[in-house]
Amino acid sequence: MVKLLTSEERTLKLQPLIETGGWALVDGRDAMKKSFVFGDFVQAFAFMTLVALKAEKMDHHPEWFNVYNRVDITLSTHDCQGLSSRDIALAEIINQAASTAK
Ligand code: H2B
């Protein structure tokens, strides 16, 4: 069973993603979000394809919304109804994929 991040894990692992990784906490929900803007739809969709394949492999999936060159992503773990280490791992993969796709 996946567990919610402890307060220590939030300080050590989540805080850096917020302070330097471009992620933010979602209001009213234990989740994190980030918006990505690409040059065009093809680049945005290439990024989404890369993330989709990695997400499927780790069996942990983002909530996302795409309009043309913009992709808004929210991460949270449904199984524990909040942020878990899987969201941290996926956020790091997503940041990596965005720097490859841009
Ligand atoms: N993705 C996310 N974001 N949270 C989950 O709890 C989750 C998931 N659970 N992907 C997985 C799939 C689960 O439903 C399957 C059965 O392993």
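Just follow the structure's listing: the first ligand is 1, and inside any ligand the first atom is 1.
The number of heavy atoms from other shown groups lying within 6.0 Å of CG (Asp27) does not exceed 12.
Contact annotation: the side chain of Ile73 never approaches that of Lys34 to less than 4.5 Å [non-hydrogen atoms, C-beta and beyond].
Of the candidates Ile94, Val26, Ile88, Ile94 is the only one forming a side-chain contact (heavy atoms from CB on, under 4.5 Å) with Leu75.
Residues that satisfy the side-chain hydrogen bond (donor to acceptor under 3.5 Å, both in side chains) test with Ser85, not counting sequence neighbours, are absent from this structure.
For ligand 1, residues of the protein lying within 4.0 angstrom by heavy-atom distance are Asp59, His60, His61, Ser76, Thr77, His78, Asp79.
Phe36 and Phe47 have tilted rings, their planes meeting at an angle from 30° to 60° on a 0 to 90° scale.
Between Gly21 and Asn95 the shortest heavy-atom distance is O-ND2, 3.2 Å.
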